[in-house]
Amino acid sequence: MTTTPRTVAEAEAVQDRLRPMVDLVGPGPTTPRTVAGLDVAYAEDGDRLAAAVTVLDATTLAVLDAVVLPGRAAFGYVPGLFAFRELPTLLAALDRLTVAPELLVCDGHGLAHPRRFGLACHLGVLTGLPAIGVGKTPLVGRWEEPGRPRGSWSPLLDGADEVGRVLRTQDGIKPVFVSVGHRMGLDNAVAQVLNLARRYRLPETTREADRLCRTELRRLAALPADPCRPH
DNA sequence: GCGACAG
DNA sequence: ATCTTGTCGC
């Protein structure tokens, strides 16, 4: 089972306990055959959610498998502890996959985190799979604007550590924040994200998962009260 | 002390 | 994350 803390102190303790288990050596797969995208959509109340995992062919980007599950936020939103909200439902969805992913692309940071243990590290350690974090906005670190062309990047520095890279995935488009989650090298992480973001700012894996969980959330909201489980 | 703060 | 209209541009 997953360790679900109830307080900020407990959550930080969990991160500190798991952080040493992150594999920072593995360069990761050069040409994975299957890549998973993970994302969560929240209802207006901020409590109910839908978590989605999609598995794509890393070459053709065809969707090979997809799972979406309803759930509840397992923790309050606290920057730095955000992973605890969606971890349980995401792990449940991962368990139901029929096509095994060789790499996880997470919607959030990995090492680019105050305690070097963001969502991508957490999911990587718990599943044992190589994992990458792709954030849309920064959490920690300083950086300089990368060049305009797709593929340009600049280091994301937290003190003296390069905790990630600010990567331009499309010409002249706002960059994303790439960081290592588990069993990956930073160079490879950037290469994998570029391969997955061929036409849009975000990797196709993330876009597919995002679309799936948002659609499911709307479907759930439009559904009448469940007659099978009355109050 | 003040501001910042993944999704 | 989500709430939201129009608008600028290819």
Side-chain angles (χ1 to χ4, degrees), chain A residues 4-5 8 11-12 14-15 18-19 22 36-54 68-91 93 104-125 131-143 148 150 156-159 161 163-167 169-182 189 193 199-203 205-222:
Chain A
T4 298
V8 166
E12 292 179 342
V14 170
Q15 292 183 330
L18 297 179
R19 181 181 50 207
V22 173
L38 304 87
D39 192 27
V40 170
Y42 292 87
E44 294 181 35
D45 54 51
D47 187 18
R48 287 174 304 154
L49 56 79
V53 181
T54 56
V68 59
L69 289 177
R72 296 225 161 231
F75 201 84
Y77 174 63
V78 181
L81 301 178
F82 143 75
F84 293 101
R85 287 174 74 71
E86 32 190 76
L87 217 40
T89 315
L90 282 175
L91 290 170
L104 303 180
V105 175
C106 310
D107 189 39
H109 302 289
L111 294 178
H113 175 277
R115 284 172 299 283
R116 304 288 184 271
F117 197 75
L119 174 66
C121 299
H122 212 139
L123 280 167
V125 166
I132 297 173
V134 180
K136 296 180 287 294
T137 61
L139 175 59
V140 296
R142 303 182 82 277
W143 71 96
R148 184 180 187 286
R150 161 181 157 88
L156 177 61
L157 302 172
D158 192 13
D161 302 331
V163 296
R165 282 175 188 167
V166 185
L167 175 67
T169 53
Q170 300 297 329
D171 294 357
I173 293 300
K174 181 181 178 184
V176 298
F177 299 77
V178 179
S179 59
V180 166
H182 186 55
V193 171
R199 172 155 189 211
Y200 298 98
R201 179 188 179 222
L202 297 177
T205 36
T206 299
R207 300 185 77 245
E208 287 294 339
D210 179 77
R211 202 174 54 159
L212 181 56
C213 61
R214 297 177 70 149
T215 299
E216 178 64 9
L217 195 62
R218 267 181 272 173
R219 197 182 69 77
L220 290 173

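The sequence lines fix the lettering, A, B, ..., with proteins before strands; numbering per chain opens at 1. For the numbers below, each heavy atom of this structure counts, side chains included, while hydrogens, waters and symmetry mates do not.
- For A/Arg207, the side-chain contact (heavy atoms from CB on, under 4.5 Å) criterion is met by A/Tyr200, A/Leu202, A/Glu204, not counting sequence neighbours.
- Residue A/Pro79 has its side chain nearest to B/dC5 when only B/dC5, B/dG7, C/dT2 are considered.
- In this structure, A/Asp47 places its CG atom 15 Å from C1' of B/dG7, rounding to the nearest Å.
- Side-chain nitrogen and oxygen atoms of A/Tyr42 include none within less than 4.0 Å of the OP1 or OP2 phosphate oxygen of B/dG7.
- A/Val105 is not listed as a side-chain neighbour of A/Leu38, based on a closest heavy-atom distance of 4.5 Å or more.
- Remark: the backbone N or O of A/Lys136 is paired with a side-chain donor or acceptor of A/Arg201 at under 3.5 angstrom.
- Contact annotation for A/Leu38: no contact, since no heavy-atom pair falls under 4.0 Å across all strands.
- In this structure, the ring-ring contact (aromatic ring centres under 6.0 Å, His included) partners of A/Phe84, at least two apart in sequence or on a different chain, are A/Phe75, A/His122.
- Counting non-hydrogen atoms under 4.0 angstrom, A/Gly133 reaches nothing in the nucleic acid.
- In this structure, CG of A/Leu87 is placed 16 Å from P of B/dG7, rounded to the nearest angstrom.
- Using a 4.0 Å heavy-atom distance criterion, A/Gly135 is classed as a sugar-phosphate-only contact.
- Here B/dA6 presents its P atom at 15 Å from CD of A/Glu12, a figure rounded to the nearest Å.
- Here A/Lys136 reaches the OP1 or OP2 of B/dG7: one of its side-chain N or O atoms lies under 4.0 Å away.
- Contacts of A/Pro114 with the nucleic acid, taken as non-hydrogen atoms under 4.0 Å apart, are absent.
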message: Set out, in order, the CA-CA distance, both residues' side-chain angles and the distance that settles salt bridge (Lys or Arg N to Asp or Glu O under 4.0 Å) for A/Arg116 and A/Asp158, then state yes or no.
response: CA-CA 10 Å; A/Arg116 304 288 184 271; A/Asp158 192 13; 3.0 Å; yes

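- With B/dA6, B/dG7, C/dT2 as the candidates, the nucleotide lying closest to the side chain of A/His109 is B/dA6.
- Note: CG (A/Leu90) to P (B/dG7) measures 14 Å, nearest angstrom.
- No contact: A/Leu49 has no heavy atom under 4.0 Å from any strand.
- Side-chain nitrogen and oxygen atoms of A/Thr137 include at least one within less than 4.0 Å of the OP1 or OP2 phosphate oxygen of B/dG7.
- Distance CH2 (A/Trp143) to C1' (B/dA6): 12 Å, rounded to an integer number of Å.
- Whole-Å rounding puts the A/His113 NE2 to B/dG7 P distance at 12 Å.
- In this structure, A/Ala43 reaches neither bases nor backbone, as no heavy-atom distance under 4.0 Å exists between it and the strands shown.
- In this structure, the side chain of A/Thr205 does not engage the main chain of A/Gly37 through any donor-acceptor pair within 3.5 Å.
- Look at A/Tyr77 and the base of B/dG7; the rings stack, centres closer than 5.5 Å and planes less than 30° apart.
- Separating the CD atom of A/Gln170 from the P atom of C/dG9 is a distance of 20 Å, rounded to the nearest angstrom.
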- prompt: DNA chain C in dot-bracket, Watson-Crick or G-U pairs under 3.5 Å, [ ] crossing, | other strand?
  reply: ..........

- prompt: Between A/Phe117 and A/Leu18, is a side chain to side chain contact (heavy atoms under 4.5 Å, CB included) present by the stated rule, with each step listed?
  reply: CA-CA 8 Å; A/Phe117 197 75; A/Leu18 297 179; 3.4 Å; yes

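- Between A/Arg115 and A/Gln15, the side chains place a donor N or O and an acceptor N or O closer than 3.5 Å (distance only, hydrogens not considered).
- Between the CD atom of A/Gln15 and the C1' atom of B/dA6 there is a distance of 12 Å, rounded to whole Å.
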